[in-house]
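Read through the structure below, which is laid out as structure tokens, and then see the notes.
Per chain, numbering begins at 1; letters A, B, ... match sequence-line order.
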There are 2 protein chains.
Amino acid sequence: MKELIAKYREKGFKLTPQRLAILKFLNGNTSHPTAEDIYSNIKKIYPTVSFATVYNTLQTLKDKNEILEITIDPQKKHYDPNIKPHHHIICIECNTIGDIFEDYSEALRLPDYIAMEFKPVGSHVDFYGLCIKCQKKERRKRQ
Amino acid sequence: MKELIAKYREKGFKLTPQRLAILKFLNGNTSHPTAEDIYSNIKKIYPTVSFATVYNTLQTLKDKNEILEITIDPQKKHYDPNIKPHHHIICIECNTIGDIFEDYSEALRLPDYIAMEFKPVGSHVDFYGLCIKCQKKERRKRQ
DNA sequence: TATTAAATTAGAATTATTCTAATTTAGATA
DNA sequence: TATCTAAATTAGAATAATTCTAATTTAATA
Ligand SMILES: [Mn+2]
Ligand SMILES: [Mn+2]
Ligand SMILES: [Zn+2]
Ligand SMILES: [Zn+2]
């Protein structure tokens with residue numbers, strides 16, 4: 001907590017209680033929350049917090065490279081405080097997102113022809129699957 | 001054109017003029033259009049066409065595995081009539097999407113620990129980059 | 001303590017997408 | 001060919017995610 005405050009103060013963040021609550025919620029969070037998830041969590045502590053604050057804070061954090069915006073879910077954006085390069089797997093039933101810590105960069109060579117069209121700057125692998133919960137539900141349904 | 005009609009009639013599509021216009025627009029299209037792109041193109045020929053028709057047709061095509069929905073652009077969905085497995089690169093400036101025809105499946109092995117959480121069913125690589133147009137704009141700006 | 005740039009807020013606006021319910025029509029059938 | 005009907009189309013409303021606005025508050029600084 002102390003370190004969190006120190007870290008963000010160093011980076012020139014103005015540390016309001018709402019922001020701190022958001023930072024605290026995100027810190028070490030591996031659940032890939034949506035803006036709504038963050039909002040409803042913060043609202044428990046600061047009932048008057050607004051969506052604008054959540055979105056503004058997320059934008060600031062994106063700008064300062066403190067979080068990643070994840071686009072694997074077609075319904076909505078998810079946010080990830082883990083900015084170390086990694087990949088994701090999403091459950092095609094319930095949209096739960098899991099982390100994949102593997103370095104595929106060596107294998108993900110682009111074909112030569114693409115250099116005429118794009119200068120690559122990064123990559124990310126979306127895996128699709130069924131989470132255990134949804135596997136169990138499927139099995140139940142089948143019987 | 002004849003083949004298009006034959007193909008979709010076989011699959012049990014009811015072939016309305018609006019649908020045919022959509023199918024014709026999508027056929028061989030490598031631009032990864034959005035629903036809006038499709039709508040405004042079809043509107044030129046059928047001025048009374050509605051967004052509902054575009055979305056309904058896209059849904060039907062998805063259900064019958066004739067198109068892919070692409071989630072690489074955080075702003076909106078794009079559609080791809082090329083259903084052969086391939087990957088995409090998106091321009092981080094203008095959102096132009098290009099195709100990457102490379103088979104990375106061999107390299108994209110999931111770590112063992114993930115089997116406890118997910119049963120994988122597929123994967124897709126999102127590449128990020130700058131398209132040539134945007135590279136040129138950047139250069140102009142720098143000078 | 002006073003100052004002020006930045007953050008917060010409620011609520012409106014925007015944008016993408018989905019839904020609804022009335023109308024039309026493609027394709028099957030007689 | 002005329003009739004039938006399930007499926008498709010439509011306008012427009014509804015919903016949901018996100019962004020914007022403009023008034024108010026506040027953290028950090030001097
Ligand atoms: Mn992650
Ligand atoms: Mn493609
Ligand atoms: Zn699941
Ligand atoms: Zn571009």
*Among residues 37-49 of chain B, which residues get a heavy atom nearer than 4.0 Å to DNA chain C?*
none

*Qualifying residues under ring-ring contact (aromatic ring centres under 6.0 Å, His included), relative to F101(B), sequence neighbours excluded*: H86(B)

*Return the value, rounded to whole Å, for the distance between atom NZ of K64(A) and atom C1' of dA7(C).*
12 Å

*Verify the contact: side-chain N or O of R19(A) to OP1 or OP2 of dA27(D), cut-off strictly under 4.0 Å; return yes or no.*
no

*Residues in side-chain hydrogen bond (donor to acceptor under 3.5 Å, both in side chains) contact with T30(A), at least two apart in sequence or another chain*: none

*Can you name the side-chain hydrogen bond (donor to acceptor under 3.5 Å, both in side chains) partners of S105(B), sequence neighbours left out?*
D103(B)

*asked:* Between T53(A) and dA7(C), is there a contact of a side-chain N or O with OP1 or OP2 at under 4.0 Å?
replied: no

*asked:* Checking H87(B) now: which residues fulfil side-chain hydrogen bond (donor to acceptor under 3.5 Å, both in side chains) with it, not counting sequence neighbours?
replied: none

*Y8(A) OH to dA7(C) P: how many Å, rounded?*
14 Å

*Between the axis at one end of the helix from dT1(C)-dA30(D) to dA30(C)-dT1(D) and the axis at the other (five pairs apiece), what's the angle to 10 degrees?*
30°

_If hydrophobic residues (ILVMFWY) are linked whenever their side-chain heavy atoms come closer than 4.5 Å, directly or via other members, who joins I72(B) in its cluster?_
V121(A), I70(B), I90(B), I92(B), I97(B), Y128(B), L130(B)

_Please identify which of these residues, N95(B), D80(B), D37(B), D73(B), meets the side chain to side chain donor-acceptor pair (under 3.5 Å) condition with H32(B)._
D80(B)

_Applying side-chain hydrogen bond (donor to acceptor under 3.5 Å, both in side chains), can you list everything that pairs with K7(A), at least two apart in sequence or on another chain?_
E66(A)

*What's the verdict on side-chain contact (heavy atoms from CB on, under 4.5 Å) for D99(A) and I89(A), showing C-alpha distance, side-chain angles and the deciding distance?*
CA-CA 6 Å; D99(A) 286 317; I89(A) 181 164; over 6 Å; no

*Can you name the residues that form a side chain to side chain contact (heavy atoms under 4.5 Å, CB included) with K77(A), not counting sequence neighbours?*
E69(A), Y79(A), P74(B), Q75(B)

*Taking atom C1' of dA7(D) as reference, at what distance in whole Å does atom CG of L20(B) sit?*
15 Å

*Please go through I132(B)'s hydrophobic cluster and name the other residues, only I, L, V, M, F, W, Y counting, with side-chain heavy atoms under 4.5 Å joining them.*
none

*What does nucleotides 20-30 of chain C look like as a protein-contact string, B for base, S for sugar-phosphate only, - for none, at under 4.0 angstrom between heavy atoms?*
-----BBS---

_Within-4.5 Å side-chain heavy-atom neighbours: L15(A) and R9(A)_ = yes

*Just by distance, with hydrogens left out, do H78(A) and H88(A) show a side-chain donor and acceptor under 3.5 Å apart?*
no

*Should the heavy atoms of other residues, nucleotides or ligands under 6.0 Å from NZ of K119(B) be counted, would the total exceed 12?*
no

Just the table, please: protein N/O against nucleotides 14-17 of chain C N/O, every pair under 3.5 Å.
{"unit_1": "dA16(C)", "atom_1": "OP1", "unit_2": "K76(B)", "atom_2": "NZ", "d": "3.1"}
{"unit_1": "dT17(C)", "atom_1": "OP1", "unit_2": "K77(B)", "atom_2": "N", "d": "3.2"}
{"unit_1": "dT17(C)", "atom_1": "OP2", "unit_2": "Y55(B)", "atom_2": "OH", "d": "2.6"}
{"unit_1": "dT17(C)", "atom_1": "O5'", "unit_2": "Y55(B)", "atom_2": "OH", "d": "3.2"}

